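All remarks here apply to the structure that follows.
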Number of protein chains: 2
Amino acid sequence: MSDRRLQILDAAATLIAERGYNSTSVDDVIRGAKLSGKSHFYHYFRSKEELGYEVLNRQFERFTERGLAILREPMIDPLERLSLFIDAVVALQSERGGRGGSPFGNLAAELADAHEGFRVRIEAVFERWASQIRSLLWEARPQLHDDVDAVRLSRFIIATLEGAVLMTRVKRDIGVLEGIAIDLKRFIGTHVRDGGAVALQGGRGVE
Amino acid sequence: MSDRRLQILDAAATLIAERGYNSTSVDDVIRGAKLSGKSHFYHYFRSKEELGYEVLNRQFERFTERGLAILREPMIDPLERLSLFIDAVVALQSERGGRGGSPFGNLAAELADAHEGFRVRIEAVFERWASQIRSLLWEARPQLHDDVDAVRLSRFIIATLEGAVLMTRVKRDIGVLEGIAIDLKRFIGTHVRDGGAVALQGGRGVE
DNA sequence: TGATATTAGGACCGAGCGGTCCAATGCGCA
DNA sequence: TGCGCATTGGACCGCTCGGTCCTAATATCA
C-alpha cells in the first residue's frame with residue numbers, strides 16, 4: 001500500500017468519524033490529505049464509496065491492534081483480559097475527548113438502512129468482534145456458570161459499549177462511559193461461578 | 001397546531017428515521033406530505049433546521065405516550081413496570097421490522113458532533129428519559145439494595161437499549177434485541193434484594 | 001359580492017456535490 | 001537522453017441542495 005493511499009485513508013477516517021460519511025465530501029478529504037486536486041484523489045480510489053469501504057476496513061484493523069488484541073493475550077486470565085479490553089475502549093474514547101464515537105456505530109446508524117453495501121460490511125465487523133469475545137468466553141468456561149450463553153453475552157457487551165460511547169458523545173462526558181463500564185463488568189461478574197470477585201474488580205457501587 | 005403542520009411533521013419523522021437528517025431533503029418531505037411546492041412548505045416552517053427540531057420533539061412526545069407512559073402506571077409494581085417498558089421498546093422496534101432505529105440514537109450519531117443545536121436537544125431528550133427511570137427506581141428503593149446508584153443504572157439501561165436497537169438494525173434480526181432485553185432484565189434483577197425473582201422474570205439462560 | 005387567507009405551482013438562485021478530462025509538470029531509471 | 005509514472009492544477013459537467021420570489025386559483029366568512 002502506497003504512502004499516499006494510507007495518508008488519504010487516515011485523513012478520511014478522521015473526517016468520517018467526526019462528521020459521518022455523507023457529510024464528508026471528497027473535497028474535504030483532499031484538503032485533509034493535502035492532495036493537489038480531484039484527479040489526484042481519483043488516481044488512488046475509484047469512487048467515494050470505495051474509499052468508505054476501505055476506511056471501514058482500516059478502522060477495524062486499528063481496533064484489532066489497539067483494542068481486540070488484548071482479548072488474545074495468552075498470559076493473562078481470560079476474564080481479566082475482558083476487563084482490560086473494556087478499559088481499553090474507555091481509554092480510546094477518552095483520548096478522543098468524548099467526540100467522534102465508535103467508527104462502526106456511527107456508520108451503522110447513518111447507513112445501515114440506506115446502503116446495503118455498507119450494512120453487510122458493518123455487520124461483518126460486529127460479527128468478527130463478537131467472535132473474538134465468544135472464543136474468550138469459551139476459554140473462560142471453567143470459571144463460568146454452565147448455562148452462560150456466549151452468543152448472547154457477547155452481543156450484550158458490544159451493544160452496551162456502543163450505546164455507552166454514543167451517550168458519552170451526546171453528553172460530552174466521559175464519566176458516562178466509565179460508569180457504564182463498571183456496571184458492565186459487574187454484569188459479566190454475575191456469570192462467574194464464585195461471584196466474580198476474582199478477575200473482575202469493582203463491586204456493587206464501588207467507584 | 002394545524003393539520004398540515006402535523007402532516008408535514010409526521011412525513012418528515014418517518015423519512016428522517018429511515019434516512020437520517022442530512023439525507024432527507026426538503027423536497028422529499030414535500031413529496032411525502034403531498035405539498036404543492038417549496039413555498040407551501042416554507043409557509044409552515046422557517047427552515048429545515050426548525051423542522052428537524054420539531055420532529056425531534058414530536059418523536060419524544062410519541063415515545064412518551066407509547067413507551068415512557070408505562071413507567072408511570074400507578075397500579076403496577078415499579079420493577080414490573082420497568083420490565084414492561086423494556087418489552088415495549090422491543091415491541092416498538094419489532095413493529096418497524098428491524099429497520100429505522102431509535103429516532104434519538106440516529107440523530108445523536110449523525111449530528112452530536114456536527115451540530116450543537118441538535119446535540120443539546122438530544123441531550124435533553126435522554127435526560128428526560130433517564131429522569132423517568134430514576135424516579136421509578138426511587139419508587140422501588142424498598143426492594144433494591146441500599147447502594148444502587150440510580151443515575152448510573154438509568155444510564156446503563158438507556159445505553160444498552162440504544163446499542164441493542166442499533167445492533168438489531170445492522171443485523172436485521174429482532175432476536176438480537178430480544179436477547180439483550182432478557183439479559184438487561186437479569187442485570188436489573190441483580191440490584192433487587194431477594195435476587196430479583198419477583199418482578200423481573202427470566203432467570204439465567206431461560207429463554 | 002367583496003376582502004382575506006390559504007393553497008397551488010413553478011421559475012429561479014448560488015452553492016456544493018461526485019466525478020471526468022486535460023495539459024503541464026516533476027522525477028527516477030534504463 | 002528519453003521513457004513512464006506520480007503529481008499538480010484547474011476547467012468543466014449534470015445534478016441536488018436549501019431557500020426565495022412571484023403569480024394564480026381556491027376556500028372562507030362578513
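Note on naming: letters A, B, ... go to the chains in the order of the sequence lines (proteins, then strands), and numbering restarts at 1 for each one. Values reported hereafter were calculated over all heavy atoms of this structure, with side chains retained and with hydrogens, waters and symmetry mates removed. Note that the coordinates shown come from a computational prediction; the quantities given were computed from them, not determined experimentally.
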Checklist line | From dG9(D), dT6(C), dA8(C), nucleotide with atom closest to H43(B) side chain | finding: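 So the nucleotide nearest the side chain must be dT6(C).
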Measure the distance from [atom1] on [X] to [atom2] on [N] and round it to the nearest whole Å.
X      : N       : atom1 : atom2 : result
K34(B) : dT7(C)  : NZ    : C1'   : 17 Å
F45(A) : dT20(C) : CZ    : C1'   : 18 Å
L35(A) : dG10(D) : CG    : P     : 14 Å
F41(B) : dT6(C)  : CZ    : C1'   : 17 Å
R46(A) : dT20(C) : CZ    : P     : 11 Å
H40(B) : dG19(D) : NE2   : P     : 17 Å
R5(A)  : dA6(D)  : CZ    : P     : 12 Å

Check: Would you call the rings of F45(B) and F41(B) parallel, tilted or perpendicular, where under 30° means parallel and over 60° means perpendicular?
Finding: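 Aromatic pair F45(B)/F41(B) classed parallel.
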Next item on the list: Sort out for me which residue in E80(B), E73(B), M75(B) forms a side-chain contact (heavy atoms from CB on, under 4.5 Å) with D77(B).
Entry: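 Between D77(B) and the candidates, side-chain contact (heavy atoms from CB on, under 4.5 Å) is satisfied uniquely by E80(B).
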Check: Which pairs count as salt bridge (Lys or Arg N to Asp or Glu O under 4.0 Å) when at least one residue sits in residues 28-38 of chain B, sequence neighbours excluded?
Finding: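 Salt bridge (Lys or Arg N to Asp or Glu O under 4.0 Å) check on residues 28-38 of chain B returns R19(B)-D28(B), D27(B)-K38(B), D28(B)-R31(B).
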Note to self: Regarding E123(B) and R119(B), does a basic nitrogen lie under 4.0 Å from an acidic carboxylate oxygen?
What the structure shows: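 Yes, this pair counts.
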Do any N or O atoms of the protein come closer than 3.5 Å to N or O atoms of nucleotides 14-18 of chain D, and which pairs are they?
| unit_1 | atom_1 | unit_2 | atom_2 | d |
| --- | --- | --- | --- | --- |
| dC17(D) | OP1 | S25(B) | OG | 3.4 |
| dG18(D) | OP1 | K48(B) | NZ | 2.9 |
| dG18(D) | OP2 | V26(B) | N | 2.9 |
| dG18(D) | N7 | K38(B) | NZ | 3.4 |

Check: More than 12 foreign heavy atoms under 6.0 Å from CZ of R99(A): is that the case here?
Finding: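 Count not over threshold, so no.
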Margin query: Surrounding CZ of R141(A) (heavy atoms of other residues, nucleotides or ligands, distance under 6.0 Å), is the total greater than 12?
Written below: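 Yes, because the 6.0 Å sphere around CZ of R141(A) holds more than 12 heavy atoms from other groups.
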Margin query: When you measure from the side-chain N and O atoms of R4(A) to the phosphate of dC5(D), is any distance below 4.0 Å, counting only OP1 and OP2?
Written below: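 Negative; the distance criterion is not met.
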